[in-house]
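For reference, the structure is listed below as structure tokens.
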Amino acid sequence: MFVKKIAILFSSNGSNLEALLKKVHNKIFNGVKIECVLLICNKKDAFGIQRAKKFGLETKIIEHTKFNSREEFDAQLVKEIKAKDVDLVVLAGFMRILTNTFTSQIKAINLHPSILPLFKGSNAIKDSFFSDMQVGGVSVHYVSDELDGGKIIKQRTFERNKNMTLQDWEDEIHKIEHEILPLCVIEILTIDKIYIKDENV
Ligand code: GAR
């Protein structure tokens, strides 16, 4: 049996972290077992840390505020990730801009709560809700030097209902996120065709 190892990075609530662990951690797909071997959070009080404990997983806290520059913080992330020899890093609500120090060395995917390239940045849910867009959605993409700009892997949309509130919009986004992030991880790590194609990304 093949084992593929993932690391998950998050910053706060961790609902996507929990959905991902529930669907993939220690599960077998297409003869491949996916194992989460590293969790990193940059905020020591993040609720996701408690969620991870339900799966028997401890989270490594690396606070960005303790570093002098983005590059130094990123170098520490890279060191921790390389020590675990992971196949894929998943950013699940990790709210830090990553520099070339990270992106040039680590194969990672990111979850973003909009239909990229629309509404990049940290306010995508509000920005898309208060726009004229009649659809909202979610993207999963490879992490590159450009913020929210790497190659798109998967997207899913939903239609705006007439009486939708910001909360409804956000709920719809999270519902989709909890489905498509695990799907992407499974596809990348277990479907040969896609894995080979993405080797050069
Ligand atoms: C998610 O909506 C995710 O798409 C977003 O943070 C939220 C984390 O929620 N990420 C970004 O905006 C990245 N630019 P969670 O902590 O409940 O998983």
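Count residues from 1 along the sequence.
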[X]: which other cluster members, linking ILVMFWY side chains closer than 4.5 Å, directly or transitively?
X	result
I115	none
F2	V32
I97	L147

Apply side-chain hydrogen bond (donor to acceptor under 3.5 Å, both in side chains) to [X] and list each qualifying residue two or more places apart in sequence or on a separate chain.
X	result
D168	T165
D127	none
Q50	none
R96	H64

| Which one of D87, V86, I34, V89 satisfies the side chain to side chain contact (heavy atoms under 4.5 Å, CB included) criterion with I6? | I34
| field | Member of L9, I49, L57 meeting the side chain to side chain contact (heavy atoms under 4.5 Å, CB included) criterion with L39 | value | L57
| For residues E71 and T101, is any side-chain donor paired with an opposing acceptor at under 3.5 Å? | no
| message | For F129, does the six-membered ring have the charged nitrogen or CZ of R160 within the cation-pi criterion, i.e. under 6.0 angstrom from the centroid and within 45° of the normal? | response | yes
| query | Between E187 and K154, is there a salt bridge with N-O shorter than 4.0 Å? | reply | yes
| task | Return each pair, listed once, that meets side-chain hydrogen bond (donor to acceptor under 3.5 Å, both in side chains) where at least one residue sits in residues 11-20; pairs must be two or more places apart or across chains. | result | S11-N42, N13-R51, S15-H178, N16-E177, E18-R51, E18-K54
| said: Between K60 and E80, does the side chain to side chain contact (heavy atoms under 4.5 Å, CB included) criterion hold? Intermediate values first, please. | reply: CA-CA 9 Å; K60 183 141 218 137; E80 298 288 347; 3.4 Å; yes
Going by salt bridge (charged side-chain N to carboxylate O under 4.0 Å, His left out), name the residues that satisfy it together with [X], two or more places apart in sequence or in a different chain.
X	value
K66	E63
E35	none
E72	none
E146	K120

